[in-house]
Amino acid sequence: MPSKTVFSDARAVAEALTPSYPVYCLDLAGLAAHTQAFVEAFPGRVLYAMKCNPYPKIVDTLYEAGVRHFDTASLPEIAQVREAHRDTEAYYMNPVKSRAVIRTAYEVYGVRHFVVDHQSELDKTLEATGGDGIVVHVRLKTDETKVSFDLASKFGAPFDEAVDLLASVHRDGLRCGLAFHVGSQCRTAQAYRDALALCARVIDKSGVNIGYLDVGGGFPAYYPGQVIAPLREYFQAISDELETMHLRNDTVLMCEPGRALVADCCSLLTQVLLRKENSIYINDGIYGSLSELVLTRMELPMRVVRLDGSVSTQTRQFDVYGPTCDSTDILPDQCALPDDIREGDWIEIGQLGAYSNSAATRFNGFSTETFVEVQSVFR
Ligand SMILES: Cc1ncc(COP(=O)(O)O)c(C=O)c1O
C-alpha cells in the first residue's frame with residue numbers, strides 16, 4: 001500500500017498542489033489527542049455530534065481516539081457510523097422524525113435511544129418501535145445565554161410540558177432520560193449549571209428518577225477575540241451541580257459535543273481569484289464552507305500564503321466575497337488582510353472543522369471536495 005501523504009502545513013499544500021480549488025487541511029493527530037483529553041476529562045459518556053463534521057476520516061479518528069457513542073440526527077448519519085464501525089452506538093437525538101426512519105433505525109441499526117419534546121412524538125416512537133428496550137429522552141427547553149447559535153427556539157419542551165412528558169414516558173414503562181442543549185459555542189459554564197438546576201426541578205416535580213441525563217453539546221472552541229474558560233471549568237460546573245441533584249447511583253451522564261472536538265482540527269486553504277481595491281473575491285464563501293459565519297458572526301484566524309515572495313506587514317480591512325453570482329455571498333464582517341494581497345495568493349482560514357463542509361451547499365456548482373492531511377493547521 002502506498003504511504004499516505006501528510007503535508008507539514010497549508011503552505012506545503014500550496015507548494016505541492018498550487019490548488020485553484022479550496023482545500024480542507026486536516027490535523028488528525030491533533031484531533032485524536034484533543035479528543036482523548038476530552039473523553040478522559042468529561043465525567044460521563046461522550047457522544048460525538050455527527051452533524052458537526054461527518055467526514056469519514058474525522059469519524060474514524062474520533063473512533064480511534066475512543067469515541068463509541070454518536071449523536072445522530074438522520075438515517076444517513078446513523079447508517080454511516082454504524083456501517084463504518086459495528087461496535088458503536090447511534091442515538092437518535094433529533095426531536096422530529098418520521099415513523100419510517102424510527103422503525104428503520106430501531107430494526108436495522110439497533111438504535112435504542114430516542115429524544116422527544118412532545119407527546120405526539122412519544123406516541124409515534126412507541127408505535128414505530130413497540131417500545132421494547134428503548135430509552136426515551138425528554139428534551140427540555142433551557143434559557144440561552146451567551147451562545148453563538150440558538151438551539152432552543154425550535155426544540156425543547158417548556159418546563160411544565162417536560163414534567164408531563166417525563167411522567168408519561170415513565171407511565172409507559174420505558175427507560176427515561178432528560179436532555180437539553182444550551183446552544184452552540186456556549187461562552188459560560190453557568191449555562192450548564194442553570195440548565196441542570198432546571199432539570200432537578202423537572203425531576204422533583206415529575207417524581208421520575210431518570211436513568212440518563214444528557215447535557216448536550218455547546219462546549220466552546222477557541223475563536224479569536226472570545227474569552228473562554230478552559231473546558232475543565234465547564235466539566236467541573238457540571239460535576240458540582242450533579243452533586244446537588246438526587247439522582248440514582250446508576251444514572252448515566254452524557255454529553256454531545258461537536259464543535260469543541262473538531263473546530264480546531266481543520267483549516268481551509270482558499271485562493272484569491274480577483275482583487276478590486278478594498279474587495280477580494282475568493283473561491284469559497286457563505287454558500288460553502290463559511291456559511292456558519294452569517295449566523296454566528298464569528299471571527300476566524302486568517303493568514304496569507306504567497307509562494308513567490310513575502311506579503312506586506314501592513315494590513316487593511318477588506319470586503320471578502322465568495323465565488324457565486326449572488327450579491328449576498330460576502331462575509332458578514334470585513335477582514336484585516338495584508339494591504340498588498342492579490343490574485344493567486346492563498347488564504348488559510350483556521351478553526352473551520354465545525355459546521356463547514358457539513359453545512360455547505362452546491363449553489364452555482366461550487367463545492368469543496370478536497371481534503372488533505374497536515375501536521376499542523378493555523379489557528
Ligand atoms: C441535539 C444536538 N446535539 C449536539 C449538537 C452539537 O452541538 P455543538 O457543536 O455546539 O457541541 C447539536 C448542534 O446543533 C445538536 O442539535
Side-chain angles (χ1 to χ4, degrees), residues 31 34-35 38-39 41-42 44-55 58-59 62 67 69-75 77-78 81 89-97 105 111 113-118 121 135-142 144-157 162 177-189 191-192 195 199 212-223 226 228-229 231 234-235 238 253-266 291-296 298 351-359:
L31 173 62
H34 182 54
T35 303
F38 191 108
V39 170
F42 183 76
R45 190 178 286 181
V46 176
L47 283 60
Y48 172 60
M50 286 286 284
K51 61 180 79 73
C52 192
N53 194 328
Y55 183 64
I58 287 197
V59 176
L62 292 164
V67 178
H69 304 273
F70 291 82
D71 154 35
T72 52
S74 67
L75 206 49
E77 286 185 355
I78 293 169
V81 70
E89 181 158 24
Y91 298 62
Y92 208 158
M93 303 311 259
N94 184 340
V96 181
K97 310 167 266 312
V111 175
H113 291 256
F114 297 88
V115 79
V116 304
D117 68 357
H118 194 268
E121 188 74 12
V135 179
V136 175
H137 302 257
V138 171
R139 169 111 171 230
L140 172 66
K141 194 183 275 304
T142 54
E144 302 225 345
T145 44
K146 283 199 162 186
V147 296
S148 293
F149 206 109
D150 163 87
L151 286 165
S153 55
K154 183 170 177 184
F155 295 131
L178 204 48
F180 61 81
H181 197 304
V182 294
S184 201
Q185 186 63 12
C186 177
R187 299 191 296 281
T188 168
Y192 291 87
C199 287
Y212 295 84
L213 180 55
D214 176 6
V215 301
F219 299 99
Y222 296 87
Y223 297 95
Q226 293 189 356
I228 307 268
L231 284 178
Y234 286 72
F235 300 163
I238 291 168
L253 175 70
M254 315 188 325
C255 68
E256 302 172 6
R259 185 188 303 279
L261 292 184
V262 299
D264 64 7
C265 77
C266 176
S291 66
E292 209 204 13
L293 293 187
V294 178
L295 294 164
T296 61
M298 225 108 72
Q351 297 293 96
L352 270 179
Y355 307 107
S356 49
N357 47 309
S358 66

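Order of appearance sets the numbers: ligands from 1, and atoms from 1 within every ligand.
- F114 does not carry K97 over the face of its six-membered ring by the limits of under 6.0 Å from the centre and within 45° of the normal.
- Residue contacts with ligand 1 leave out F155, since none of its heavy atoms falls under 4.0 Å from the ligand.
- At least one donor-acceptor pair closer than 3.5 Å links the side chain of Q185 to the backbone N or O of A221.
- Remark: side-chain polar atoms of T72 are paired, donor with acceptor, to backbone N or O of Y91 under 3.5 angstrom.
- Polar contact with ligand 1: absent for F219 (N/O pair, distance under 3.5 Å).
- Counting heavy atoms closer than 4.0 Å to ligand 1, residue M50 contributes nothing at all.
- Of all atoms in ligand 1, numbered sequentially from 1 with element shown, those under 4.0 Å from a heavy atom of G217 are 7 (O), 11 (O).
- Of the heavy atoms in S184, both backbone and side-chain atoms come closer than 4.0 Å to ligand 1.
- Applying the 4.0 Å criterion to heavy atoms of A49 picks out, from ligand 1, the atoms 4 (C), 5 (C), 6 (C).
- Atoms of ligand 1 lying under 4.0 Å from at least one heavy atom of E256, given by number and element, are 1 (C), 2 (C), 3 (N), 4 (C), 5 (C), 6 (C), 11 (O).
- In terms of the ring-ring contact (aromatic ring centres under 6.0 Å, His included) criterion, residue partners of Y192 (sequence neighbours excluded) are, by chain and number, F219, Y234.
- When all heavy atoms are compared, the tightest approach of G217 to V182 is O-CG2, 4.1 Å.
- Between T296 and Y355 there is no side-chain heavy-atom pair separated by less than 4.5 Å.
- Without hydrogens or angle criteria, D117 side chain to F155 main chain gives no donor-acceptor distance under 3.5 Å.
- For ligand 1, the atoms lying closer than 4.0 Å to a non-hydrogen atom of R259 are 8 (P), 9 (O), 11 (O).
- Minimum heavy-atom separation, Y212 to R45: CE2-NH1, 4.0 Å.
- Between C52 and ligand 1, no N or O atom pair is found at a separation short of 3.5 Å.
- Note on ligand 1: G216 sits outside its first shell, no heavy atom being nearer than 4.0 Å.
- Residues passing the side-chain hydrogen bond (donor to acceptor under 3.5 Å, both in side chains) test with Y55: none are found, sequence neighbours excluded.
- A354 does not count as a contact of ligand 1, since none of its heavy atoms falls under 4.0 Å from the ligand.
- Atoms of ligand 1 lying under 4.0 Å from at least one heavy atom of P257, given by number and element, are 11 (O).
- Distances between N or O atoms of R139 and those of ligand 1 include no value under 3.5 Å.
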